[in-house]
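Everything on this sheet refers to the single structure shown next.
Residue numbers begin at 1 in each chain, while the letters A, B, ... track the order of the sequences.
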There are 2 protein chains.
Amino acid sequence: MLSKKTKYGLKALTFIARTGDDVPVQVSAIAKSEQIPQKFLEGILLTLRKAGILGSKKGKHGGYYLRSTPSDIKMTDVMRVLEGPIAMVPCVSLNYYEKCDDCPDEHACSVHKLMIEVRDSTLKVFRNKTLGDLSQV
Amino acid sequence: MLSKKTKYGLKALTFIARTGDDVPVQVSAIAKSEQIPQKFLEGILLTLRKAGILGSKKGKHGGYYLRSTPSDIKMTDVMRVLEGPIAMVPCVSLNYYEKCDDCPDEHACSVHKLMIEVRDSTLKVFRNKTLGDLSQV
DNA sequence: TGTAATCCCTACTAAATTGATAGGATTAAT
DNA sequence: ATTAATCCTATCAATTTAGTAGGGATTACA
């Protein structure tokens with residue numbers, strides 16, 4: 001299941017991308033328009049900023065803005081920041097690899113082989129999708 | 001993340017498929033070989049039996065066996081039984097569709113569109129994989 | 001017929017995760 | 001100064017996950 005965090009994060013990014021201007025977008029505006037609990041959203045946008053996807057401006061008339069043009073923001077990056085590893089098991093994760101406790105031999109593991117295929121097919125989707133695609137009407 | 005339940009279930013099915021004979025396979029044998037807590041595994045195999053994927057025989061020399069040949073057991077079915085919906089959000093699920101509370105218009109939702117692509121690509125993998133493929137050495 | 005092996009079923013539990021909420025500190029514009 | 005914003009930490013309730021416990025029902029076979 002996709003977490004609410006990811007869902008909200010994607011919606012927020014889309015909203016910011018659609019706004020388009022150079023002025024920062026306030027959390028309150030996003031929260032209201034997308035029906036997201038504001039305090040919860042604050043944390044999500046903070047995460048995206050720390051990951052370098054969003055920039056922020058504090059104080060009055062502050063808010064969040066994209067650090068790159070939407071078509072340069074790849075879903076692989078966004079999803080990894082919001083949802084974590086794309087692989088369904090650590091032993092097939094490219095960025096967060098971890099050996100299974102059980103599996104004596106990874107290459108003989110049926111689950112491993114299956115999950116590599118799932119990972120690759122999901123990666124293909126995320127690599128070919130940018131925020132620009134998402135925010136197109 | 002793939003749940004342990006699913007992981008164990010897939011390993012157990014693979015084990016049974018590899019055993020191959022007509023004699024039922026005991027939970028204890030699977031648990032030992034695959035390093036799965038036996039009581040936990042019992043419940044998983046029960047689920048698979050209730051879903052019609054496994055058959056069982058009670059009493060001495062009892063155990064579990066496949067209801068179809070491995071190459072007829074599709075991953076779509078297995079995954080749905082063990083892990084639940086293949087879609088990452090209910091609003092793009094083929095078998096467990098549910099409208100989102102928030103989304104006023106599904107077709108305008110950026111998350112929706114993205115998740116349909118992920119679902120389709122994952123489905124393609126599961127539709128083309130059978131237990132027969134998994135259990136090949 | 002008795003006994004051991006096996007699946008079957010329900011209930012319980014500890015730990016982790018999720019989806020928030022609360023309260024305030026910090027910063028900047030006016 | 002005041003106001004409007006982000007930033008940060010802590011807390012919490014509900015849910016899910018992973019596993020345990022205990023026994024019931026069924027069957028093979030000595």
message = Whether Tyr65(B) contacts dC7(C) is assessed here as follows: a side-chain N or O lying under 4.0 Å from the phosphate OP1 or OP2. Is that the case?
response = no
key: Any donor-acceptor N/O pair under 3.5 Å between dG23(C) base and Lys39(A) side chain   = yes
key: Nucleotide nearest Lys58(A) (side chain, heavy atoms from C-beta), chosen from dT21(C), dC8(C), dT26(C)   = dT26(C)
message = Between the base of dC7(D) and the side chain of Glu42(A), is there a donor and acceptor pair under 3.5 angstrom?
response = yes
ask   = CD1 of Ile53(A) to CG of Leu131(A): how many Å apart, nearest 0.5 Å?
value = 9.0 Å
ask   = Is any side-chain nitrogen or oxygen of Ser56(A) closer than 4.0 Å to OP1 or OP2 of dA5(D)?
value = no
ask   = Over how many whole Å does the gap from Leu46(A) atom CG to dC8(D) atom P extend?
value = 6 Å
key: Euclidean distance, atom CD of residue Gln26(A) to atom P of dA4(D) [Å, nearest integer]   = 11 Å
query = In terms of the nearest nucleotide of DNA chain C, which residue is placed more toward the 5' end: Gly59(A) or Ser3(A)?
reply = Ser3(A)
key: Presence of His61(B) side-chain N/O under 4.0 Å of dT6(C) phosphate oxygens OP1/OP2   = no
message = Heavy atoms from C-beta onward define the side chain here; which of dA20(C), dC8(D), dG19(D) lies closest to that of Pro37(B)?
response = dG19(D)
ask   = Which is true for Gly63(A) with a 4.0 Å heavy-atom rule: it touches a base, it touches only sugar-phosphate, or it touches nothing?
value = sugar-phosphate
note = When rounded to whole Å, the CD to P distance for the pair Gln38(A) and dG24(C) reads 17 Å
query = Nearest-Å distance, CD1 (Ile44(A)) to P (dC8(D))?
reply = 16 Å
inquiry  = Tell me the interatomic distance from Leu45(A), atom CG, to dA5(D), atom P, rounded to whole angstroms.
reply    = 14 Å
Rounded distance in Å - CG (Leu82(A)) to P (dT18(C)) = 12 Å
ask   = Is a donor-acceptor contact shorter than 3.5 angstrom present between the side chain of Lys60(B) and the base of dG2(C)?
value = no
message = Please tell me if Tyr64(A) has a side-chain N or O lying less than 4.0 Å from either OP1 or OP2 of dA5(D).
response = no
query = Is Arg49(A) near enough to dC7(D) that one of its side-chain N or O atoms lies under 4.0 angstrom from OP1 or OP2?
reply = yes
Shortest side-chain distance from Lys57(B), nucleotide among dT27(D), dG19(D), dT30(C) = dT27(D)
task = Using a 4.0 Å heavy-atom cut-off across all strands, classify Lys7(B) as base, sugar-phosphate, or nothing.
result = nothing
